Undergrad: 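Take a look at the following structure, please.
The structure presented is a predicted model; accordingly, all values stated were derived computationally and were not measured.
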Amino acid sequence: MTRGSTRRRTCALLVVPALVALAAATGIAGPAAADPPPVGPVFVDGQAQVVPEFADPATWIRERLWVETEFDSDGDGRRDRMHVDVTRPAPTAAGLKVPVVYESSPYYAGTASTQRQYFWNVNTELGQRPPARTSPPPIPHRADRTAVSTSEVNTWVPRGFAVVHSDSPGTGLSQGCPTVGGANESLAPKAVVDWLNGRASGYTSVEGGQRVSATGWSTGRVGMTGTSYNGTLPLAAATTGVRGLEAIIPIAPNTSYYHYYRSNGLVRNPGGWVGEDIDYLFDYISSGYPDRREYCAQHVRVDEMNRYQDRATGDYNDFWASRDYLPSVRRVRAATLMAHAFNDWNVVPEHSVRILDALKAQGTPTQAYFHQGGHGGAPPLDLRNRWFTRYLYGVRNGVEDDPRAWIVRNETGTSQLTPYADYPNPAAAPVSLTLQRGGDTAGGLTSLARADSGTEQLVDAGNLACNAGTLASQVSPNRLLYVTPELSAPVHISGTPQVRLRLAASRPAANLSVALVRLPWTGAADCESSTRGATTSIITRGWADPQNHRSLRHGTPLKPGRFVELTVPLQPDDQVVPAGARIGLMIWSTDHEFTLHPAPGTVLTVDLARTSVELPVVGGPLAMPVCAQPDTRPTVVVGGIDSGVPNRALAGTCTVNDHVLDTEEWPDHGRFVRHVTEVADRLVAAEVITARQRSALVRAAARSPVGR
């Protein structure tokens, strides 16, 4: 991959032998034989290199210990200790100090059954308390474990880093209770970072034991990484503001458990885990000491989670707020390289984007890596290496001047890691798409027409629902579908689309599901096939509870037939929709793969004139190639008034005339003139027309009879 000017730094180990050889060759008496120079790290092109003296696993130093925390989460009256293991290069026994790559996890000691019988039953009426859930059999406790994990070891130890792992509270051989986003999950890795800096105590056993120090081999500079839950914990630790945590690389992190299990007031499960909720995740990871499990289950799962998770309304509350890392981002000082996939329907991409936006706003060093696959997917090693080399070893490799976003482009061909100035692409601007009648089959969706009036209806399939692929590829009374003309040029979407709706329901509660789809549909479309992968035609999607149209914390039962207005943000995306495809907006109710499954029959009525899509498009409104019958007249004619301005070509087959919309019905002349003025301003900004030509367009609109 191409970057800016390279910088090279090597350690003295490579320089001293050359000076000795030069002295011998010139016959100059050299110094008396001395001990060989100390072994140290080597950096080339801003990256830590494999050093032979670090690379032999047989020489690595391995130790395990328990680090004492500042909390007692399992109620035994003693501070909890975290089980930790260390792998470090052999030269650290001779005085070499190295930085640390650290990963923590609740999964290392095993997990519980994933059989669906232990999940919540999703065949439940909206607004009603569901029947109780059965917990899976306990995870066998592995008291004989002598290490935590070996992940990351082969990557970083040969390059001059120590690698540290720890079990999360209440898992493996770490004391405490698993809390799934509670405060102890942030403070536990903080304690390990403190130990690496000499501020916390380590011991050779879980109770009592001799003290173990890290200050003889650790520089105190720590970088954390991991994927999914393991990627959440680096951010959790960083929100404590702990000194020494210099860099984090979270991969597909869960940054808010509300956003993981709810969407805009609606009860929603992660993709592929129908019926999962936060109390099941507690059971899934509870592998800690058996004598404290009953206490943890009662105080965490029953008294807190089951009491406040609220599967009846899905409203936001203080319980969920305490498990959202966004409000604590102000304390993050660690340079953050965030990685996520735009087709991750387990931990959806908004988790990373919301944190990145906040970090950038406060000036924390950031970089983003996005790809088009599913859950997980680390950045390429050279990106990670440059990040840790810069912030853990302090090598001035210019990473601050690198692009702020790297996105894998593979929608229209082979994969290519593409640099962008930022994410969203700074060239993206919102494009408003309006609805045209015919959604029961395929209505229109365009940025080059005013919205149709009237309403259209769909009937919720409820517990008989098929997946989104079936609805998008077949005519169905269970959805409304609005589709653009065939694109005459590619469209680059970058950012967070949102759908504004005005709708009414026939019952006090209803699911609301929305998706942007690429047509013709590709991939499986039978009733049970998944639409969660990168190979389907789902561009992005979102969900909401119309009862929460005023407040996320307090839903209000719908009055049958009464319209409400709400905005549904879809998941962030960055992809290129190819020429020849069409973009569709699909509105339906029960999403078979994500929402609860109530009884069928709820009718949703959509007001076409008050429903629209805001699509972030690189190039903005002028870049939408949606002209089914382009206007190719030589000059721009506004309501019969020839402006004399050349009718220049825009995106695809569209021209300036296509954007004037002088054949639409306008409620008054003033609105039409304002519209033409906005179009003319965009054309000037894009250097399509001159300022003088802009004035000619606006004068022609003012003289025209349109809207009078």
Side-chain angles (χ1 to χ4, degrees), residues 10-14 35-45 47-67 82-105 107-110 142 144-167 172-174 189 192-193 195-196 202 204-205 212-227 230-231 233-234 247 249 251 376 378-389 392-393 395:
T10 58
C11 70
L13 167 67
L14 303 182
D35 292 335
V39 174
V42 175
F43 305 99
V44 176
D45 292 340
Q47 299 182 52
Q49 303 296 300
V50 173
V51 175
E53 291 83 354
F54 299 159
D56 183 1
T59 67
W60 292 344
I61 300 170
R62 296 179 171 90
E63 55 188 326
R64 70 164 176 152
L65 63 141
W66 282 261
V67 170
M82 298 300 106
H83 184 217
V84 176
D85 73 18
V86 177
T87 305
R88 51 189 170 96
T92 58
L96 177 67
K97 290 190 175 186
V98 297
V100 173
V101 173
Y102 170 31
E103 182 176 11
S104 185
S105 176
Y107 297 146
Y108 291 142
R142 297 169 55 192
D144 59 344
R145 291 170 68 224
T146 59
V148 178
S149 174
T150 60
S151 69
E152 304 294 337
V153 170
N154 291 330
T155 299
W156 298 110
V157 175
R159 290 175 167 83
F161 299 80
V163 173
V164 170
H165 295 93
S166 69
D167 290 323
L173 300 182
S174 284
V192 175
V193 175
W195 172 71
L196 291 165
T204 55
S205 62
V212 181
S213 174
T215 56
W217 56 264
S218 167
T219 65
R221 300 177 72 86
V222 183
M224 290 189 69
T225 190
T227 298
N230 302 12
L233 297 176
I249 305 179
I251 303 163
L381 178 57
D382 63 338
L383 287 183
R384 290 178 283 143
N385 194 329
R386 285 174 61 80
W387 203 253
F388 280 157
T389 294
L392 301 189
Y393 263 114
V395 174

Undergrad: Do Pro379 and Ile251 have side chains that get closer than 4.5 Å, going by heavy atoms?
TA: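 Heavy-atom side-chain distance check passes, below 4.5 Å.
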
Undergrad: Between Gln49 and Val44, what is the shortest heavy-atom contact and its length?
TA: NE2-O, 3.5 Å

Undergrad: To check you understand the geometry: which heavy-atom pair defines the closest contact between Asp167 and Gly172, and what is its length?
TA: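 The pair with the smallest heavy-atom distance is OD2-CA, 3.7 Å.
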
Undergrad: Kindly compute the distance separating OH (Tyr102) from NE2 (His165), expressed to the nearest 0.5 Å.
TA: 10.0 Å

Undergrad: Taking all non-hydrogen atoms of both residues, which atom of Pro99 and which atom of Gly160 are closest, and how far apart?
TA: CD-O, 3.9 Å

Undergrad: Starting from the C-alpha separation in whole Å, work towards a yes-or-no answer on side-chain contact (heavy atoms from CB on, under 4.5 Å) for Phe54 and Val98.
TA: CA-CA 11 Å; Phe54 299 159; Val98 297; 5.6 Å; no

Undergrad: Using a 4.5 Å cut-off on heavy atoms from C-beta on, say whether the side chain of Leu381 contacts that of Arg159.
TA: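 A side-chain contact under 4.5 Å exists here.
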
Undergrad: So, do Val148 and Arg64 sit near enough that their side-chain heavy atoms are less than 4.5 Å apart?
TA: no

Undergrad: For the residue pair Arg142 and Asp144, establish whether any side-chain heavy-atom pair is separated by less than 4.5 Å.
TA: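 Yes. Closest side-chain heavy atoms under 4.5 Å.
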
Undergrad: Taking the side chain as C-beta and beyond, is there a heavy-atom pair between Val86 and Leu65 under 4.5 Å?
TA: yes

Undergrad: To check you understand the geometry: which heavy-atom pair defines the closest contact between Pro57 and Ala55, and what is its length?
TA: CD-O, 3.1 Å

Undergrad: Please report the interatomic distance CG(Asp45) to CG(Asn385), rounded to the nearest 0.5 Å.
TA: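 These two atoms lie 10.5 Å from each other.
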
Undergrad: How far does CE of Met82 sit from OG of Ser174, to the nearest 0.5 angstrom?
TA: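 Met82 CE to Ser174 OG: 4.5 Å, rounded to 0.5 Å.
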
Undergrad: Are any side-chain N or O atoms of Arg221 and backbone N or O atoms of Leu392, one a donor and one an acceptor, separated by less than 3.5 Å?
TA: yes

Undergrad: Calculate, to the nearest 0.5 Å, the distance between atoms CD and OG1 belonging to Glu63 and Thr204 respectively.
TA: 11.0 Å

Undergrad: What are the two closest heavy atoms between Pro234 and Met224, and how far apart are they?
TA: CB-CB, 3.6 Å

Undergrad: Is there a side chain to side chain donor-acceptor pair (under 3.5 Å) between Tyr108 and Ser166 once you walk through the steps?
TA: CA-CA 9 Å; Tyr108 291 142; Ser166 69; over 6 Å; no

Undergrad: Please tell me whether Tyr393 and Phe161 form a close aromatic pair, meaning their ring centres lie under 6.0 Å apart.
TA: yes

Undergrad: Under 4.5 Å between any side-chain heavy atoms of Ile61 and Trp217, yes or no?
TA: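 They are not in contact (no side-chain heavy atoms under 4.5 Å apart), so the answer is no.
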
Undergrad: Quick check against the 3.5 Å criterion: does Asn230 have a side-chain atom that pairs as donor or acceptor with the backbone of Ser105?
TA: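 It does not hold such a pair.
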
Undergrad: Which of these passes side-chain contact (heavy atoms from CB on, under 4.5 Å) with Val101: Thr87, Val157, Thr225?
TA: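 When side-chain contact (heavy atoms from CB on, under 4.5 Å) is applied between Val101 and each of Thr87, Val157, Thr225, only Thr225 qualifies.
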
Undergrad: What are the two closest heavy atoms between Leu196 and Ser218, and how far apart are they?
TA: O-OG, 3.1 Å

